[in-house]
J.: 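Take this structure first; my questions come after.
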Amino acid sequence: MKADCIYRYFPHLTEQQKQQFEALDDLYRDWNTKINVISRKDIDMLYEHHVLHSLAIAKMIHFTQGTHILDFGTGGGFPGIPLAILFPDCEFKLIDGTGKKIRVAQEISNAIGLKNCHPEHIRGEEEKGKYDFVVSRAVMPLPDLVKIIRKNISKTQQNALPNGLICLKGGDLQAETQPFNKIVETAEISSFFKEEWFDTKHVVYLPI
């Protein structure tokens, strides 16, 4: 089964969560023929390169019930949709400046019955809401992203980690993280997942 790579690392999923994860393959394949949100060559690696990659954030933090999370630049729903499946007691808003990509995220979210996932076509600069965490996947360099999302971080704390930004990044991060050297935390995803593809991938956490 294609979703096996998720169950290896997240063995305590409910039947509903398993069904939601397993439904993603057909849904993304179908939508990808209409609106290209995942590269053609990558669609066969959906679970490893997109779903499991998104869930690396859950290895850095276990969001407490009632946490509000903003997925900035979600594209077709990553990392927001996999995280919303994993944390059904948290609220996720997924935003992107490209309307057709948000449509895919909305349709897939509806199709698998996610009640805690709210995609919206809006640019990050225009988002006014307050959130415990902002998550993103390689949208832009860290300093640029921090400038935009600083306004969206709530002052009220309810998680083990202080509120802030958690993003998925690849390659050499030294230049990006240098301005935040004293507070940034970086984890290698290969310490969570053994698949070779994760060898150069990181989770970056920045309290704000």
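Count residues from 1 along the sequence.
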J.: Is it true that the NZ or CZ of K18 lies under 6.0 Å from the centre of Y7's six-membered ring and within 45 degrees of the ring axis?
T.: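 Yes, a cation-pi geometry.
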J.: Taking CD in Q174 as the centre, count heavy atoms belonging to other residues, nucleotides or ligands within less than 6.0 Å. Is the count above 12?
T.: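 No - once you tally the heavy atoms of other residues, nucleotides and ligands closer than 6.0 Å, there are 12 at most.
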J.: Determine whether a donor-acceptor pair (N or O, by modelled atom type, separation under 3.5 Å) exists between the side chain of E127 and the backbone of G129.
T.: yes
J.: Looking only at side-chain N and O atoms, does H53 offer a donor or acceptor that is under 3.5 Å from a partner on E48?
T.: no
J.: Taking C-beta and beyond as the side chain, do C167 and L142 meet within less than 4.5 Å on heavy atoms?
T.: yes
J.: Identify whether the distance between the nearest side-chain nitrogen and carboxylate oxygen of R29 and D44 falls below 4.0 Å.
T.: yes
J.: Heavy atoms, side chains only, cut-off 4.5 Å: are V134 and I166 in contact?
T.: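 Sidechains of I166 and V134: no contact.
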J.: Can you measure from CD (Q106) to CD1 (I81) and round to the nearest 0.5 angstrom?
T.: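 Going from the CD atom of Q106 to the CD1 atom of I81 covers 9.0 Å.
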J.: Just by distance, do the side chain of K128 and the backbone of K151 share a donor-acceptor pair under 3.5 Å?
T.: no
J.: Please report the shortest heavy-atom distance between I38 and N36, naming the atom on each side.
T.: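 Closest heavy-atom pair between I38 and N36: O-OD1, 2.8 Å.
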J.: Are the side chain of Q17 and the backbone N or O of L86 linked by a donor-acceptor pair below 3.5 Å?
T.: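 At least one qualifying donor-acceptor pair exists.
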J.: State whether the side chain of Q20 and the backbone N or O of I85 hold a donor-acceptor pair below 3.5 Å, judged by distance alone.
T.: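 Here the side-chain-to-backbone pair does not exist.
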J.: Under 4.5 Å between any side-chain heavy atoms of L70 and V135, yes or no?
T.: no
J.: Can a donor-acceptor pair be found, under 3.5 Å and without considering hydrogens, that links the side chain of D96 to the backbone of I102?
T.: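 No, the answer is negative, given that no donor and acceptor are paired below the 3.5 Å cut-off.
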J.: Just jot down the side chain to side chain donor-acceptor pair (under 3.5 Å) partners of D144, sequence neighbours excluded, or say none.
T.: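 Counting only residues at least two positions away or on another chain, D144 forms no side chain to side chain donor-acceptor pair (under 3.5 Å).
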J.: Does Y47 use its side chain to pair, donor to acceptor, with the backbone of F21 at less than 3.5 Å?
T.: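 Checked: pair present.
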J.: Do we get K59 above F193's six-membered ring, with its NZ or CZ under 6.0 Å from the centre and within 45° of the axis?
T.: no
J.: Any sub-3.5 Å donor-acceptor pair from T74's side-chain atoms to G76's backbone N or O?
T.: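 The answer is no, because no donor-acceptor pair under 3.5 Å joins these two groups.
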J.: I need the full list of ring pair (Phe, Tyr, Trp, His ring centres under 6.0 Å) pairs touching residues 167-187, with sequence neighbours left out, sorted by first then second residue.
T.: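 Sorted result for residues 167-187: empty, none.
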J.: More than 12 foreign heavy atoms under 6.0 Å from CD of E196: is that the case here?
T.: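 Result for CD/E196: open.
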J.: Any ring pair (Phe, Tyr, Trp, His ring centres under 6.0 Å) involving residues 75-108? Give me the pairs, sequence neighbours left out, ordered by first then second residue.
T.: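 Qualifying pairs: Y28-F78, H50-F78, H62-F87, F63-F87.
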J.: Under 4.5 Å between any side-chain heavy atoms of K169 and K201, yes or no?
T.: no
J.: Quick check: closest heavy atoms across C5 and E195, and the distance to 0.1 Å?
T.: CB-OE2, 4.0 Å
J.: Would K2 and D25 pass as an ion pair if we require N to O under 4.0 Å?
T.: yes
J.: In terms of hydrophobic clustering (I, L, V, M, F, W, Y; side-chain heavy atoms under 4.5 Å; direct or indirect links), are I61 and F198 co-clustered?
T.: yes
J.: Would you find a donor on one side and an acceptor on the other, under 3.5 Å apart, between the side chain of R137 and the backbone of G75?
T.: no
J.: Using only atom types and a distance under 3.5 Å, with no angle test, would you say the side chain of D71 pairs donor to acceptor with the backbone of G80?
T.: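 Yes, the answer is positive, given that a donor and an acceptor are paired below the 3.5 Å cut-off.
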J.: Give a yes or no on whether Q158 atom CD has more than 12 heavy-atom contacts from other residues, nucleotides or ligands under 6.0 Å away.
T.: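 Atom CD in Q158 is packed in, count exceeds 12.
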J.: Could you walk me through whether Y9 and F192 pass the ring pair (Phe, Tyr, Trp, His ring centres under 6.0 Å) test, one step at a time?
T.: CA-CA 8 Å; Y9 301 109; F192 309 136; 9.5 Å; no
J.: Does any part of the side chain of W31, heavy atoms only, come nearer than 4.5 Å to the side chain of V37, both counted from C-beta?
T.: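 In short, these two side chains do not touch, never coming nearer than 4.5 Å.
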J.: Picking from I153, L161, L165, what satisfies side chain to side chain contact (heavy atoms under 4.5 Å, CB included) with F133?
T.: L161
J.: Residues in side chain to side chain donor-acceptor pair (under 3.5 Å) with T67, at least two apart?
T.: T64, N159
J.: Just by modelled atom types, is the L168 backbone N or O under 3.5 Å from a matching donor or acceptor in the H202 side chain?
T.: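 Checking the backbone N and O of L168 against the side chain of H202, no donor-acceptor pair under 3.5 Å is found.
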J.: Does K34 pair with E107 as a salt bridge, N-O distance under 4.0 Å?
T.: no
J.: About how many Å separate CD of E120 and CG of L94, when rounded to the nearest 0.5 Å?
T.: 10.5 Å
J.: Report the residues that fulfil side chain to side chain donor-acceptor pair (under 3.5 Å) with H68, sequence neighbours left out, ordered by chain and then residue number.
T.: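 In terms of side chain to side chain donor-acceptor pair (under 3.5 Å), with neighbours along the sequence ignored, H68 is linked to no residue.
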J.: The criterion is side chain to side chain donor-acceptor pair (under 3.5 Å); which residues satisfy it with Q65, sequence neighbours excluded?
T.: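 Once residues adjacent in sequence are excluded, Q65 has no partner under the side chain to side chain donor-acceptor pair (under 3.5 Å) criterion.
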J.: Under a 4.5 Å cut-off applied to non-hydrogen side-chain atoms, are Y131 and N152 in contact?
T.: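 Answer yes - side chains close enough.
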